[in-house]
2 protein chains.
Amino acid sequence: MQTAQGIHQASKLRDFGLRPTRQRLALAKLLFGEQPRHVTAEQLHREAECAGIKVSLATVYNTLHQFTQSGLMREVVVESGRIYFDTNTAPHHHFYHLETGQLLDIPSGHLAIAEIPPPPPGTDIDGVEVIIRITDKKSK
Amino acid sequence: MQTAQGIHQASKLRDFGLRPTRQRLALAKLLFGEQPRHVTAEQLHREAECAGIKVSLATVYNTLHQFTQSGLMREVVVESGRIYFDTNTAPHHHFYHLETGQLLDIPSGHLAIAEIPPPPPGTDIDGVEVIIRITDKKSK
DNA sequence: GTGTTTGCAAAGTGTTTGCAATTTA
DNA sequence: TAAATTGCAAACACTTTGCAAACAC
């Protein structure tokens, strides 16, 4: 099971042009499970530590960027001074919980943009990102 | 003219509960002209310097935050590690030029969200933000 | 072996803060 | 004069980088 997953992740990394090193494999195992995940570098680093994996924070940063460059992940910006990395690379949007800092996928089909405006002359659209900021319901 | 604008800004500041100090007045004059503006603290600081206004960067930061808290401006996050302040507080969305870092309003009516998804249980929607990232048209 | 990757510690970036000096009402 | 505001420099959080040691193929 663990081995099977390891092999699976290793070939996945190779397919994306990345050497399956011990650290990259371990992080990939944490990241690419069943559920899509949204992590910051610090979070993933802490998680790896708890799982007994020896990785430096710098390597976590490097790895997340490499994964992003290779198309395994994508960045999401919701707050200045913090980068979230999302394992779901399909086009979709997010809820961002202002109090917990949690990022949640908006189920596809639940958000529809009726009309995308034409980009300014001489420019092309690179991507459309919708962030819905949420807070805990205030009892009144 | 200059005086008129000064008086205008002064009463505006007072209306929003802020003492019209020399620095705040000068920054308000730069910010609240005809056009809506999108600035970072550094940009505004540089601009003030060029205009011969003596303000420290810390005060520019403080002032922008005070303006935001009082409802004169609003923050826009498009990039980790940089905060944009927008003089347009009405609900609207943005183009963000990845190469120049320029932020542009999307004319209202040009973008329509057909359906806003229900927020997760126990939460309320605080705001919806759409960012359309653009790049210079690639000649082919 | 050779080139890639890692980890550390240092440097970098944009932002915030503590506090004495200054300004405002 | 009392309270608010400013400016400086130091502190901050997060991220990136340089480079020698370790690793993958």
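A gap of 23 Å separates the P atoms of C:dT15 and C:dA11, to the nearest Å.
An end-to-end axis angle of 20° holds for the helix from C:dG12-D:dC14 to C:dA25-D:dT1, taken from five base pairs per end and rounded to 10°.
For A:Pro118 against B:Phe95, the heavy-atom pair with the smallest separation is O-CZ, 3.4 Å. Nearest heavy atoms, B:Ala48 versus B:Leu27: CB-CD2, 4.2 Å. In terms of heavy-atom proximity, A:Pro117 sits nearest to B:Leu111 at CD-CD1, 3.6 Å. Nearest heavy-atom pair across B:His93 and B:Val128 is CE1-O, 3.2 Å. The nearest pair of heavy atoms linking B:Ser80 to A:Val77 is N-CG1, 3.6 Å. Considering every non-hydrogen atom in both A:Phe32 and A:Leu72, the closest pair reads CE2-O, 3.8 Å.
Sorted by first and then second residue, the pairs that involve residues 95-111 of chain A and meet salt bridge (charged side-chain N to carboxylate O under 4.0 Å, His left out), not counting sequence neighbours, are A:Glu99-A:Lys138. The stretch residues 49-72 of chain A participates, sequence neighbours left out, in no salt bridge (charged side-chain N to carboxylate O under 4.0 Å, His left out) pair at all.
Residues of residues 40-49 of chain A that place a heavy atom closer than 4.0 Å to DNA chain D do not occur. Interface residues of residues 60-71 of chain B facing DNA chain C, ordered by number: B:Tyr61, B:Asn62, B:His65; criterion, heavy-atom separation under 4.0 Å. If you check residues 76-85 of chain B against DNA chain C, the residues with a heavy atom closer than 4.0 Å are B:Gly81, B:Arg82, B:Ile83, listed by number.
Side chains of B:Leu31 and B:Phe85 form no contact here, defined as non-hydrogen atoms less than 4.5 Å apart. In this structure, B:His94 and B:Asp86 have side chains that are in contact, with non-hydrogen atoms separated by less than 4.5 Å. Counting heavy atoms from C-beta outward, B:Glu79 and B:Tyr96 have side chains that approach closer than 4.5 Å.
Evaluation of the salt bridge (Lys or Arg N to Asp or Glu O under 4.0 Å) rule for A:Arg133 yields B:Glu129 as partners, not counting sequence neighbours. Evaluation of the salt bridge (Lys or Arg N to Asp or Glu O under 4.0 Å) rule for A:Glu47 yields A:Arg37 as partners, not counting sequence neighbours. Taking A:Asp136 as the reference, A:His97 meet the side-chain hydrogen bond (donor to acceptor under 3.5 Å, both in side chains) condition, with sequence neighbours excluded. A:Arg24 pairs by the salt bridge (Lys or Arg N to Asp or Glu O under 4.0 Å) definition with nothing, not counting sequence neighbours.
Only one option out of A:Glu42, A:Gln43, A:His45 pairs with A:Val60 in a side chain to side chain contact (heavy atoms under 4.5 Å, CB included); it is A:His45.
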side-chain contact (heavy atoms from CB on, under 4.5 Å) between A:Gln102 and A:His38, intermediate numbers included:
CA-CA 8 Å; A:Gln102 201 180 168; A:His38 307 92; over 6 Å; no

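On the nucleic acid side, DNA chain D has its first and last nucleotide under 4.0 Å of a heavy atom of chain A at D:dC14 to D:dC25, going 5' to 3'.
If you measure from atom CD of B:Glu75 to atom P of C:dG14, you get 16 Å, rounded to the nearest angstrom.
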Tabulate atom names and distances for all N/O pairs under 3.5 angstrom spanning the protein and nucleotides 20-25 of chain C.
from   : atom 1 : to      : atom 2 : distance (Å)
C:dT24 : O2     : B:Arg19 : NH1    : 3.2

